[in-house]
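Below is one structure, written out as structure tokens, with a few remarks after it.
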Amino acid sequence: MSPPDAVPSRSQIAAVILAAGSSTRLGHPKQSLILAGETLLARAIRIAIEAGLTPVIAVLNDSGLVDPVQRLGALPVLNPDALQGISTSIHSGIRTAKSSNASGAVLMTCDQVALTAAHLRALCDQPATITGSGYAGRTGSPAYFPASSFEDLFNLQGDVGARTLLRHARTIPCEALSLDIDTEEDLEHARKLIENKQLP
């Protein structure tokens, strides 16, 4: 039986975790960084599962992550075109969500360490409506897209995320999501927040 606050099973909403980036600012792949005893990728998968999203799809560019992702209960998808930009990872993830007959999908990254399952569920509570997260004066990821908008996601090109589709979207505010892990300083800050019980 699903937990009472999970996404309803009659509307299977996928999570698409975009984890094929090269982490150029950090200098090494952020997907495998450890925070509070788990990798950032494992943390993102866990939170998506806790939110009731299914399938949880992790878009990767490292075949060495396939087995760990499967063991965590997620579906790994390798994107051989990852260097051509984030749009190719969006295409890979949404293609898999569509083939799974998902009624919608949440696009998310693995480095927004303040993300909670409750926030993911809130993004999905109007299933016909594109909904993004509000922080730092903008609307961004994670963001929910109903299946009716999948073709618009397929039309994205190059190193362009879905922000253009979020310009006039419904927004769920969560200022804490402005913290993402792009530098060693960001990671150290996140670790201190964890120690002080200021992150989930």
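- Nearest heavy atoms, Phe154 versus His91: O-NE2, 3.0 Å.
- Cluster membership check: Leu123 does not share its hydrophobic cluster with Leu165, using side-chain heavy-atom separations under 4.5 Å among Ile, Leu, Val, Met, Phe, Trp and Tyr.
- Proximity of Leu65 to Ser32: side-chain heavy atoms (C-beta onward) are separated by under 4.5 Å at one or more points.
- Remark: the backbone N or O of Leu33 is not paired with any side-chain donor or acceptor of Thr39 at under 3.5 angstrom.
- To the nearest 0.5 Å, atoms OG (Ser89) and CG (Leu156) are separated by 12.0 Å.
- Checked by atom type and distance alone, the side chain of Arg138 never pairs as donor or acceptor with a backbone atom of Ser133 at under 3.5 Å.
- Atom OH of Tyr144 and atom CG of Leu53 lie 10.0 Å apart (nearest 0.5 Å).
- Across all non-hydrogen atoms, the minimal contact from Leu60 to Pro76 is CD1-CB, 3.9 Å.
- In terms of heavy-atom proximity, Pro146 sits nearest to Pro127 at CB-O, 3.3 Å.
- A side-chain donor-acceptor contact under 3.5 Å links Thr183 and Asp186.
- One hydrophobic cluster holds both Ile90 and Leu75 under the rule that ILVMFWY side chains link at heavy-atom gaps under 4.5 Å.
- Between Phe150 and Phe145, the shortest heavy-atom contact is CE2-O, 3.7 Å.
- Between Ala136 and Ser178, the shortest heavy-atom distance links the atoms CB-CB, 4.3 Å.
- Contact annotation: the side chain of Ser87 never approaches that of Asp159 to less than 4.5 Å [non-hydrogen atoms, C-beta and beyond].
- Side-chain atoms of Leu18 and Met108, non-hydrogen and from C-beta on, never get closer than 4.5 Å to each other.
- Under 3.5 Å, the side chains of Thr139 and Thr171 contain a donor-acceptor pair of N or O atoms.
- Atom CG of residue Leu187 and atom CG of residue Leu40 lie 7.0 Å apart, to the nearest 0.5 angstrom.
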Begin with the C-alpha distance, continue with both residues' side-chain angles, and end with the deciding distance and a verdict on salt bridge (Lys or Arg N to Asp or Glu O under 4.0 Å) for Glu50 and Arg121.
CA-CA 10 Å; Glu50 288 174 357; Arg121 288 191 290 267; over 6 Å; no
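- Between the side chain of Gln112 and the backbone N or O of Ser141 there is at least one donor-acceptor pair closer than 3.5 Å.
- The closest side-chain heavy-atom distance from Leu179 to Val113 is below 4.5 Å.
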Please lay out, stage by stage, how Asn61 and Asn79 fare under the test side chain to side chain contact (heavy atoms under 4.5 Å, CB included).
CA-CA 5 Å; Asn61 68 351; Asn79 175 20; 5.7 Å; no
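- Checking side-chain atoms of Thr96 against main-chain N and O of Ile94 turns up no donor-acceptor pair under 3.5 Å.
- Connection of Leu78 to Leu72 is established within a shared hydrophobic cluster, with ILVMFWY side chains joined at heavy-atom distances below 4.5 Å, either directly or through further cluster members.
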Would Asp182 and Lys30 count as a salt bridge (Lys or Arg N to Asp or Glu O under 4.0 Å) here? Give the steps.
CA-CA 8 Å; Asp182 284 328; Lys30 66 178 71 174; 2.9 Å; yes
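- Under a hydrophobic clustering in which Ile, Leu, Val, Met, Phe, Trp and Tyr are joined whenever their side-chain heavy atoms come within less than 4.5 Å, directly or via other members, Val106 and Val69 fall into the same cluster.
- A distance of 9.5 Å separates NE2 of His119 from SG of Cys124, quoted to the nearest 0.5 Å.
- Under the 3.5 Å distance criterion, the side-chain polar atoms of Gln31 are matched with a main-chain donor or acceptor of Ala19.
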Show, in sequence, the C-alpha distance, side-chain angles and deciding distance for Thr109 and Asp180, and conclude whether the side chain to side chain contact (heavy atoms under 4.5 Å, CB included) test is met.
CA-CA 9 Å; Thr109 64; Asp180 55 16; 5.9 Å; no
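- Thr88 places a side-chain N or O within 3.5 Å of a backbone atom of Asp81 that can act as its donor or acceptor partner.
- The hydrophobic cluster containing Ile172 does not contain Ile130, counting ILVMFWY residues as joined when their side-chain heavy atoms lie under 4.5 angstrom apart, directly or transitively.
- If you run side chain to side chain contact (heavy atoms under 4.5 Å, CB included) between Ile17 and each of Ile57, Ile47, Val56, only Val56 comes through.
- For Asp125 against Arg170, the heavy-atom pair with the smallest separation is OD1-NH2, 2.6 Å.
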With side chain to side chain contact (heavy atoms under 4.5 Å, CB included) as the criterion, how do Val16 and Val59 come out once you've worked through the C-alpha distance, each side chain's angles and the decisive distance to 0.1 Å?
CA-CA 7 Å; Val16 175; Val59 183; 4.0 Å; yes
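- With rounding to the nearest 0.5 angstrom, the SG atom of Cys110 is 9.0 Å from the CD1 atom of Ile45.
- When side chains are defined from C-beta on, Pro142 counts as touching Leu115, because their heavy atoms get closer than 4.5 Å.
- Between Thr131 atom OG1 and Leu166 atom CG the span is 9.0 Å, to the nearest 0.5 Å.
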